[in-house]
Protein chains: 2
Amino acid sequence: MCALRMPQADGRLPLYARLRDQLASRIANGEWSPGDTIPSENRLAEEYGVALATMRMALKQLVDEGLLERRRGTGTFVKQPAFRADLFRFFHVYDADDPDGSVIPESRILSRHEVETPDEVRLAFGESNTTRCLKLERVRLWSGEPMLFEEVYLRLPDFEGLLALDPKDMGPLLYPVFLQEFGILITSATDELSFGTATQASARHLELPANSPVAVIERIARDPVGRIIEYRRVHGRPERFRYRVTLGEQHA
Amino acid sequence: MCALRMPQADGRLPLYARLRDQLASRIANGEWSPGDTIPSENRLAEEYGVALATMRMALKQLVDEGLLERRRGTGTFVKQPAFRADLFRFFHVYDADDPDGSVIPESRILSRHEVETPDEVRLAFGESNTTRCLKLERVRLWSGEPMLFEEVYLRLPDFEGLLALDPKDMGPLLYPVFLQEFGILITSATDELSFGTATQASARHLELPANSPVAVIERIARDPVGRIIEYRRVHGRPERFRYRVTLGEQHA
DNA sequence: GTCAACCAGTTCTCTAGAGAACTAGACTTA
DNA sequence: TAAGTCTAGTTCTCTAGAGAACTGGTTGAC
């Protein structure tokens with residue numbers, strides 16, 4: 001706690017940002033589970049020994065990021081994970097037959113290995129990268145049918161331990177794993193959508209003929225400092241593909 | 001100004017939200033132009049007779065919405081309009097040959113008239129709507145070639161005056177017009193992307209064969225209170241279509 | 001038993017202000 | 001001229017607290 005009180009004399013993040021990260025890990029740790037009421041802003045401010053407004057700044061950020069939900073007169077709650085993590089934490093890809101997007105897709109990890117960083121990925125990562133990185137291939141299925149094929153590239157010194165992890169422990173969403181296992185919090189991401197043709201690999205896993213048209217999502221995800229953590233290329237079956245995103249204040 | 005000081009005893013928005021709207025109109029009015037430095041938070045707080053923190057809340061929202069940019073030690077600036085208004089204010093559609101998305105598309109309004117509200121639009125608008133609405137058709141061109149065909153539906157009592165407006169006065173972007181002419185500020189929007197086939201109209205205006213595959217964007221845009229202001233359906237040529245969106249903190 | 005009134009606890013709005021971090025420009029000094 | 005120093009002005013961080021708005025439960029009157 002004492003370390004938190006120090007002003008950011010060193011190159012550290014400001015107090016409210018460190019509080020935000022602290023609270024995020026308490027969620028990732030499982031100390032507070034989805035649906036739980038977390039302590040009131042008063043109690044939290046007291047517990048960490050900070051001013052109320054400072055704690056509110058930290059909480060506000062977590063609300064903006066979709067981890068928490070606050071209800072006046074009632075309390076602060078951890079959001080249900082369905083649409084707040086991984087692809088869904090920021091954006092929303094879903095099946096055309098499921099207009100609410102309430103079905104959580106099944107997730108199958110196909111492979112994980114260290115590879116030479118492809119040129120287009122290196123370009124996205126920027127100069128400050130190594131020549132090798134981790135590649136993870138995955139398929140997402142809606143009611144048994146393959147809908148998305150994902151190739152995920154991760155920085156290598158940081159994610160070394162991922163190869164040792166049992167896929168069974170990982171669940172359908174990646175970003176909670178990043179936080180829990182490696183202490184890396186994703187707070188911003190850019191998606192770029194376009195249309196292209198399937199590669200050999202994506203055609204095979206999506207059960208499409210070669211060179212079929214597919215939806216393409218390219219994602220760059222960053223941590224709070226702006227460091228690029230992940231580059232992801234997603235191919236999706238076009239006929240049932242839906243992608244939804246809301247900017248600005250969220251309304252029911 | 002006095003009206004601003006009143007607590008929201010009536011059903012009004014909180015003070016900081018009204019300040020945000022006030023500042024937004026001063027930008028829309030042209031009192032502050034893109035690139036300008038606006039008065040310091042101290043001066044603004046004094047001018048409106050509110051506390052510094054309250055003014056900061058208003059400014060923060062406008063920064064989040066992309067209207068303003070703040071630089072510590074320097075000041076607060078009105079952002080260049082290219083990527084902060086209309087389709088671009090929230091999202092980013094651009095040409096595949098123009099990776100920065102720096103080219104501003106030409107905009108041609110094809111028609112404006114009152115129509116019976118189509119069923120799918122009524123569904124989006126929700127129950128609280130009239131049976132008639134305003135429809136606006138438009139084409140966007142990148143370097144002379146048609147890329148997007150837009151059908152925009154607007155609430156009718158609110159936008160009655162739009163029919164009288166000269167298209168020459170409207171410029172390439174709609175939301176500034178909404179604010180300037182009708183006092184309506186768009187603060188949130190949801191886009192939904194999918195793939196479909198061209199309609200007769202969209203095929204004609206995009207110069208595509210009938211039933212060609214197209215990219216489809218459906219948008220619902222809301223005002224600060226959450227009222228649905230606009231429903232928009234966009235068809236785009238798929239081969240050069242790119243759509244970009246960033247959530248979370250913006251990094252260079 | 002039902003309904004209204006009250007109450008404790010929560011988040012939200014707004015105020016007031018101090019000091020740190022940072023920038024651009026003016027000024028000084030070698 | 002060039003380089004360093006200072007200063008006024010800006011945003012950013014953090015503190016302290018009061019009152020409003022709202023919720024869920026308890027209490028009390030009838």
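Side chains included, hydrogens not; waters and symmetry mates left out as well; all remaining heavy atoms used. First the proteins, then the strands, lettered A, B, ... as listed; each starts at 1.
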For nucleotides 5-9 of chain D, give me every protein contact, N/O to N/O, under 3.5 Å, one pair per line with atom names.
residue	atom	partner	partner atom	Å
D:dG9	N2	B:Gly73	O	3.1

- Message: Once side chain to side chain contact (heavy atoms under 4.5 Å, CB included) is applied, do any residues pair with A:Asn42, and if so which ones, sequence neighbours excluded?
- Response: A:Ser40, A:Leu52
- Separation of atom CG in B:Asp36 from atom P in D:dT10, rounded to whole Å: 15 Å
- Item | Closest listed nucleotide, where the reference is the side chain of B:Pro14 and the choices are D:dT13, C:dT13, D:dT15 | C:dT13
- Rounded distance in Å - CD (B:Glu46) to P (D:dT10): 11 Å
- For A:Asp36, enumerate each residue passing the salt bridge (charged side-chain N to carboxylate O under 4.0 Å, His left out) test, keeping only those at least two apart in sequence or located in another chain. none
- List in chain and number order the residues that pass salt bridge (charged side-chain N to carboxylate O under 4.0 Å, His left out) with A:Glu120, two or more places apart in sequence or in another chain; answer none if no residue qualifies. A:Arg233
- CZ of B:Arg71 versus P of C:dC22: gap in Å, rounded? 16 Å
- Partner set under salt bridge (charged side-chain N to carboxylate O under 4.0 Å, His left out) for A:Glu46, not counting sequence neighbours: none
- Message: C:dT10, OP1 or OP2 - any side-chain N/O from A:Arg70 closer than 4.0 Å?
- Response: no
- Is the closest side-chain donor-acceptor distance between A:Asp191 and A:Tyr243 under 3.5 Å? yes
- Stacked cation flag B:Arg71 on B:Phe77, 6.0 angstrom / 45 deg: yes
- Query: In chain order, what residues pass the salt bridge (charged side-chain N to carboxylate O under 4.0 Å, His left out) check against B:Arg26, with sequence neighbours excluded?
  - Reply: B:Glu31, B:Glu47
- Length of the OH-C1' vector between A:Tyr16 and D:dC12, whole Å: 8 Å
- In whole angstroms, the gap separating P of C:dT13 from CZ of B:Arg56 amounts to 17 Å
- Message: Please report the distance, rounded to the nearest Å, between CG in B:Leu52 and P in D:dC12.
- Response: 11 Å
- Which listed nucleotide (D:dC14, C:dC14, C:dT11) is nearest to the side chain of A:Leu15? D:dC14
- Between P of C:dT11 and CE of A:Met57, the distance in whole Å: 17 Å
- Residue A:Thr76, side-chain atoms from C-beta onward, closest of C:dT15, D:dT15, C:dT11: C:dT11
- Message: Output the rounded distance in Å from CD (A:Gln61) to P (D:dC14).
- Response: 11 Å
